[in-house]
Amino acid sequence: MGNQLYDVAIVGGGPAGSTAAALLGRTGRRVVVFERDKFPRFHIGESLLPFSMKAFTRLGLHEKFKAAGFMEKFGGEMYGACGEEGVKFYFEDGFRSQTDRSYQVTRAEFDKVLLDHAAENGADVREETAVEKVDFSPDEVRLHVRGKTSGPAEVRAKYLIDASGRNSIVSAMFKLKKTYQHLQKISIFAHYAGVVREQGRDGTLTRMVRAIDRWFWVIPLTENRTSIGVVLDAATYKNAKLSPEEFLDQAIAEQPLLTRRVAAAERVTPVSVAADFSYRNSRIVGDRWMLAGDSAGFIDPVFSSGVFLAVLAGEQAADALHIVLDDPSKRRRLFAHYSRSINRAMDVYLRFVDAWYSKEFIEVFLHPQDRFQIPQAVNAVLGGNVGTSFAIRWRMSVFYFIVWLQKYVPLCPRRTLVPQNGNTAFIPEPAEAIS
Ligand SMILES: Cc1cc2nc3c(=O)[nH]c(=O)nc-3n(C[C@H](O)[C@H](O)[C@H](O)COP(=O)(O)OP(=O)(O)OC[C@H]3O[C@@H](n4cnc5c(N)ncnc54)[C@H](O)[C@@H]3O)c2cc1C
């Protein structure tokens, strides 16, 4: 690394950091990525959104995803825990849909493909090297890094992208993090083999089961591996006084919609716990830095928006810096534009997530009325359409209005979200166990 001055230094080799590094590297910028772990390493966040497909095309990643064997996914399905039937949605039916698919991925492999791709595109990738401290001066950024084998070093760069995830180094330094008190959730999850699954395109869908005080995900990852997790208030979990294994087993056992799926399945990973508190930073750009991905903010895992937002931010940060490196006078305008764009995308999900945690959301969602293309607009947002299109915005406003009205007037059937005996749904015909 010596004393050279990099154009851009990136902290973190997750989807946000790797995306930015690949795009900057391929334009010939001197870019360095510091990743404290050695990839592949486990990470949660396995269900991707179709609105990332354009970025993957731009990055030239589809062939690599194919070679890695990532499953293509075509939509999702939502259930109320008390119900018999879920509502499926396919990405191809989304409002002005541009693609019918996305991917389900094991993040260990996915993140490695992305980071290796960044290196192949010219980025200087340093794994097992943690950034311990950064100093900013008017002209440059100094990073104090420590390699597992190479020891401490100092590195200089013109700009910094902090893509270090939930424990963002710059956010901690400037105390920018604001947590959402009403979204203090916890997730408990594991991978299973032998979970019952449909054949064909329905076997690729992400399933969600909404119960009264929690929700579950069921994400098919590979032919024989399925990710299952439960998300609930952190306080409820704490009060249960159960180990993560006991809690997950019990939570699944209480849901007939899930138990039939896992009857012959076997857990193949340890049970993990992630406190998935949602938060935003009060600023996501400074004179010499940009925050990207979880480092900028995280809005609940329910709509699988994390990797989409990380890739979007990585892409937009790289595009802005590419221009600013040639013409620093454009920095203020382009950084402000980046900040608005990423915050607006997070706003879209925040509103969606707030609605999701009301019982009325699922009552309305499970009773779709094909009027004014509102289900199609909701489908598009579920797919990652966070654009400024008026056509989507007014439809979403009507959707939120219906969800609000449902509280007072039962426009759609009421649901208890409490499992009923004899619930037979969620089992494909003919049932097939994949092991
Ligand atoms: C329970 C749960 C379920 C989720 N499910 C989904 C889902 O289905 N789909 C989805 O899209 N998203 C999901 N997410 C969100 C997703 O995990 C994240 O949004 C996504 O990984 C963000 O990518 P990133 O690149 O910003 O950060 P990360 O992927 O966290 O990458 C940050 C990297 O920075 C490195 N790093 C950190 N500090 C340093 C340092 N000081 N020096 C060097 N390196 C450092 C870390 O090792 C890490 O590799 C879920 C999240 C949770 C909590």
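As the structure is a prediction and not an experimental result, all values here were calculated from the model. One-based numbering along the sequence shown. Atoms within a ligand are numbered from 1 in the order they appear, just like the ligands themselves.
- Which parts of ligand 1 touch Ala16 is read off a 4.0 Å heavy-atom cut-off, strictly below it: atoms 25 (O), 26 (O).
- Geometric assessment of Arg107 against the ring of Phe110 yields a negative cation-pi assignment under the 6.0 Å and 45° thresholds.
- A cation-pi arrangement is found for Arg166 relative to Phe298, the charged atom lying closer than 6.0 Å to the ring centre and inside a 45° cone about the ring normal.
- When hydrogens are left out, the protein atom nearest atom 8 (O) of ligand 1 is Ser47 N, 3.2 Å; that is the closest non-hydrogen contact.
- Close contacts between ligand 1 and Thr129 involve ligand atoms 43 (C) [criterion: under 4.0 Å to a heavy atom].
- A cation-pi arrangement is absent between Lys112 and Phe39, since the terminal nitrogen or guanidinium carbon is not both under 6.0 Å from the aromatic centre and inside a 45° cone about the axis.
- Looking only at protein heavy atoms, the nearest one to atom 4 (C) of ligand 1 is Pro301 CB, 3.5 Å.
- Distances below 4.0 Å separate heavy atoms of His43 from the following atoms of ligand 1: 17 (O), 21 (O), 28 (P), 29 (O), 30 (O).
- Of the N or O atoms in Arg166, none lie within a sub-3.5 Å distance of an N or O in ligand 1.
- In terms of polar-atom proximity, defined here as any N/O pair under 3.5 Å, Ile44 does make such a contact with ligand 1.
- Taking 4.0 Å as the cut-off between side-chain N and carboxylate O, Glu154 and Arg142 count as a salt-bridged pair.
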Point to revise | side chain to side chain donor-acceptor pair (under 3.5 Å) assessment of Ser47 paired with Lys73 | key: CA-CA 8 Å; Ser47 187; Lys73 118 184 182 190; 2.5 Å; yes
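- Considering backbone and side-chain N/O atoms, Leu48 never comes within less than 3.5 Å of an N/O atom of ligand 1.
- Applying the 6.0 Å contact sphere to CZ of Arg393 captures more than 12 heavy atoms from other residues, nucleotides or ligands.
- Using a 4.0 Å cut-off between heavy atoms, Ala163 contacts ligand 1 through its backbone alone, with no side-chain atom that close.
- The protein non-hydrogen atom at the shortest distance from atom 48 (C) of ligand 1 is Glu35 OE1, 3.4 Å.
- Looking from atom 34 (O) of ligand 1 to the surrounding protein, the closest heavy atom is Gly12 CA, 3.2 Å.
- For the pair Arg351 and Trp356, the cation-pi test (distance below 6.0 Å, angle within 45°) is failed.
- Under the 6.0 Å distance and 45° angle rule, Arg288 counts as a cation-pi partner of Tyr159.
- With a 6.0 Å cutoff to the six-membered ring centre and a 45° limit on the axis angle, Arg201 counts as a cation-pi contact of Tyr90.
- Given atom 53 (C) of ligand 1, the protein heavy atom at minimum distance is Asp276 CB, 3.4 Å.
- Taking 4.0 Å as the cut-off, Glu132 does not count as a neighbour of ligand 1 on heavy-atom distance.
- Residue Ala130 has at least one heavy-atom neighbour below 4.0 Å for each of these atoms of ligand 1: 42 (N), 43 (C).
- Among all protein heavy atoms, the one lying closest to atom 6 (C) of ligand 1 is Gly45 CA, 3.1 Å.
- Using a cutoff of 4.0 Å between basic side-chain nitrogens and carboxylate oxygens, Glu363 and Arg210 are not scored as salt-bridged.
- For ligand 1, the polar-atom distance check against Trp217 finds no nitrogen or oxygen pair separated by under 3.5 Å.
- Of all protein heavy atoms, the one closest to atom 19 (O) of ligand 1 is Asp294 OD1, 2.7 Å.
- The distance criterion of under 3.5 Å between nitrogen or oxygen atoms is not met by Asp111 with respect to ligand 1.
- A centroid separation of less than 6.0 Å is found between the aromatic rings of Phe247 and Tyr237.
- Considering backbone and side-chain N/O of Ser305, none are found under 3.5 Å from N/O of ligand 1.
- Every atom of ligand 1 with a heavy atom of Ser164 under 4.0 Å away is listed here by number and element: 32 (C), 34 (O), 36 (N), 37 (C), 38 (N), 39 (C).
- Within 6.0 Å of atom NE2 in His337, 12 or fewer heavy atoms from other residues, nucleotides or ligands are found, so the atom counts as exposed in its surroundings.
- Here Ser304 has heavy atoms under 4.0 Å from ligand 1 in both its backbone and its side chain.
- Relative to the ring axis of Tyr103, Lys66 does not place its NZ or CZ within 45° and under 6.0 Å from the centre.
- Here is the list of ligand 1 atoms found below 4.0 Å of a heavy atom in Val11: 40 (C), 42 (N), 43 (C).
- Protein heavy atom closest to atom 15 (C) of ligand 1, with residue, atom name and distance, is Phe298 CE1, 3.6 Å.
- In terms of N/O distances under 3.5 Å, ligand 1 is approached by Val131.
- Aromatic rings from Phe361 and Phe399 are positioned such that their centres are separated by under 6.0 Å.
- Within ligand 1, the atoms closer than 4.0 Å to a non-hydrogen atom of Phe34 are 43 (C), 44 (N), numbered from 1 in the order shown.
- Ligand-side atoms of ligand 1 in range of Ser187: 1 (C), range being under 4.0 angstrom from any heavy atom.
- Checking only distances, Arg36 does come within under 3.5 Å of ligand 1, N or O to N or O.
- Distances between N or O atoms of Val307 and those of ligand 1 include at least one value under 3.5 Å.
- Between Arg101 and Glu72, at least one side-chain N (NZ, or NE/NH1/NH2) sits under 4.0 Å from a carboxylate O, which counts as a salt bridge.
- The local environment of NZ in Lys359 is crowded, with over 12 non-hydrogen atoms from other residues, nucleotides or ligands closer than 6.0 Å.
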